[in-house]
Amino acid sequence: MASPTPLTFSACSSASSSSATLYSIPPDTDCVSDGSFSSAAAGFAPPVEDAAPTAEDPSVYHLSFNQDCGCFVAGLDNGFRIYNTDPFKALFRRDMDSCGGIGLVAMLFRCNVLCFVGGGPEPLYPANKVMIWDDHLSRCFGELSFRSEVRNVKIRRDKIIVVLAQKVFVYNFVDLRLVHQIETNYGSKKTKFVMAHDSRLACMSMTQDGRLLATASSKGTLVRVFNALDGSLLQEVRRGADRAEIYSLAFSSDAHWLAVSSDKGTIHVFSLKVDSGSLATLSNDRSQVVSAPNPSNGLGISSLSILKGVLPKYFSSEWSVAQFRLPEGSEYLVGFGQQKNTVIIIGLNGSFYRCEFDSVKGGEMTQLEHHNYLSADNFLKPG
């Protein structure tokens, strides 16, 4: 198996010593460096295979993938760490000088710029502030403050999106100028509302192109997929019959598959029968909505679906094509790997799994890798 290209936090434009300087992201690059890892430039030691273990692992407050799931980042009680996913490799760590936890981290592909929000019992930053961090400068070079707690942050090459309970703010990346704000209160004339579930909405996810929306409610039995352009329901799949807390939903890059993690300890992969590329046309004519060929050849659909409308809805449900069972008791986040039909699973307990599923036969996934990403063997402590 080939070794991954080392990740280097390379500046996206010329650096400045001024804390007011903001860096623009060139539109034709993902800020992926093909250079070797430089501990002098990045300010921390490179990973090694056989480092001595520490006495205690840090607490994990946040996990998230970057835009293509090629990396994931862990927000800890003392800093953050970034890892490669395929194959697994610890890339680097940043232990903060100040004590305090990071409760939310947003990456921009493999760039040196990240966004932080404080978290944990002793947050490093206030929960109502987004701190914009440049790891080449080893400090924050900008911040966004709000009157309420920040719920989520997303980064694009040209925009920073901040989510609050009742508003979404959109800023230019280059100068942090507010360019748009969206009211999420029901009744706003400028917002498209989707009546997704009878119960409270618990989790949602979108495809990278923004055309498909997957939702799950607090009941956690059904997952629904909508056309995000007009709010129409495209597909409904069933995770199970018992109530569950849904932790994450993830689309594959081609939108052929949807993965779900929950507190039941089982990762489910569902086959999607919607061509997201045709949604712009279909939204103009709902009568043209036709299911694309199912790559699983019908796998996952109940054999009793022919009696739909006669038997209870449960018996005509679409079930998952593939499953992977995990120990219960921890929260897991799921994403799709860069190799075909692979799934990446990361847990707040330090677990990392990379699995493969059979798109034709389905059934139990095959485990390809399993690691404890918090293990001290992954890193030398920064000097």
Side-chain angles (χ1 to χ4, degrees), residues 148-149 151-152 154 161-170 180-252 255-264 268 270-292 300-302 305 308-320 334:
S148 60
E149 179 181 347
R151 299 296 184 90
N152 207 349
K154 296 293 183 182
I161 298 92
V162 181
V163 181
L164 307 183
Q166 297 182 342
K167 273 189 178 182
V168 176
F169 294 90
V170 181
H180 197 50
Q181 53 183 308
I182 304 165
E183 296 278 352
T184 58
N185 292 326
Y186 187 79
S188 173
K189 295 181 180 179
K190 296 183 179 180
T191 304
K192 176 67 179 181
F193 284 90
V194 177
M195 300 305 295
H197 302 270
D198 293 332
S199 304
R200 178 180 57 85
L201 192 65
C203 190
M204 67 175 112
S205 181
M206 299 187 77
T207 51
Q208 283 291 330
D209 61 10
R211 292 177 180 271
L212 293 179
L213 168 68
T215 66
S217 73
S218 57
K219 190 175 180 180
T221 54
L222 297 174
V223 177
R224 290 177 175 143
V225 179
F226 296 88
N227 180 346
L229 302 178
D230 64 6
S232 59
L233 177 64
L234 301 174
Q235 191 171 347
E236 178 183 277
V237 297
R238 180 173 290 275
R239 180 211 56 81
D242 298 330
R243 295 184 71 96
E245 182 179 357
I246 303 298
Y247 290 140
S248 68
L249 303 169
F251 288 95
S252 61
H256 288 165
W257 306 99
L258 177 69
V260 181
S261 67
S262 73
D263 63 350
K264 294 298 183 181
H268 294 272
F270 297 91
S271 172
L272 298 182
K273 303 189 295 298
V274 177
D275 180 6
S276 64
S278 66
L279 292 183
T281 303
L282 298 180
S283 63
N284 295 327
D285 186 356
R286 290 290 307 282
S287 65
Q288 297 182 30
V289 178
V290 179
S291 295
I301 300 178
S302 170
S305 59
K308 185 176 181 179
V310 179
L311 292 174
K313 190 175 183 180
Y314 174 89
F315 293 101
S316 61
S317 296
E318 293 187 41
W319 298 81
S320 60
V334 64

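What you are looking at is a predicted structure, and each value in this text was computed from that prediction instead of being measured.
Between atom OG of residue Ser271 and atom CD of residue Gln235 there is a gap of 7.0 Å, rounded to the nearest 0.5 Å. Separating the CG atom in Leu258 from the NE2 atom in His268 is a distance of 11.5 Å, to the nearest 0.5 Å. In this structure, the separation between CZ on Phe270 and OG on Ser320 is 5.0 Å, given to the nearest 0.5 Å. Within the model, atoms NZ of Lys154 and CD1 of Ile161 stand 9.5 Å from one another, a figure rounded to the nearest 0.5 Å. With rounding to the nearest 0.5 Å, the separation of CZ in Arg211 from CE in Met206 is 10.5 Å. To the nearest 0.5 Å, atoms CG (Leu164) and CD1 (Ile182) are separated by 11.5 Å.
Salt bridge Glu183/Lys167: present, at least one basic N to carboxylate O contact under 4.0 Å.
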Tell me, with the steps shown, if Ile246 and Arg239 meet side-chain contact (heavy atoms from CB on, under 4.5 Å). CA-CA 10 Å; Ile246 303 298; Arg239 180 211 56 81; 3.7 Å; yes

Take Phe226 and Ser232, measure what side-chain contact (heavy atoms from CB on, under 4.5 Å) needs, and give me the verdict at the end. CA-CA 5 Å; Phe226 296 88; Ser232 59; over 6 Å; no

Would you check, one step at a time, whether the test side-chain contact (heavy atoms from CB on, under 4.5 Å) holds for Lys219 with His197? CA-CA 9 Å; Lys219 190 175 180 180; His197 302 270; over 6 Å; no

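Smallest separation of non-hydrogen atoms from Leu212 and Asp209: N-OD1, 4.4 Å. When every heavy atom of Ser248 is checked against every heavy atom of Cys203, the shortest pair comes out as CA-SG, 3.7 Å. Glu236 approaches Glu318 most closely through the heavy-atom pair O-CB, 3.9 Å. Here the shortest heavy-atom pairing between Ala216 and Leu249 reads N-CD1, 4.0 Å. The shortest heavy-atom contact between Thr221 and Gly240 is CB-O, 3.3 Å. Minimum interatomic distance between Arg224 and Ala196 (heavy atoms only, all atoms of both residues): NH1-O, 2.7 Å.
Side-chain atoms of His256 and Leu272, non-hydrogen and from C-beta on, never get closer than 4.5 Å to each other. Contact annotation: the side chain of Val237 never approaches that of Val260 to less than 4.5 Å [non-hydrogen atoms, C-beta and beyond].
Heavy atoms of other residues, nucleotides or ligands lying less than 6.0 angstrom from CE of Met204 number 12 at most.
Under the 3.5 Å distance criterion, the side-chain polar atoms of Asn152 are left unmatched by any main-chain donor or acceptor of Val163. No side-chain donor-acceptor contact under 3.5 Å links Gln208 to the backbone of Phe251. Without hydrogens or angle criteria, Ser205 side chain to Ala214 main chain gives no donor-acceptor distance under 3.5 Å.
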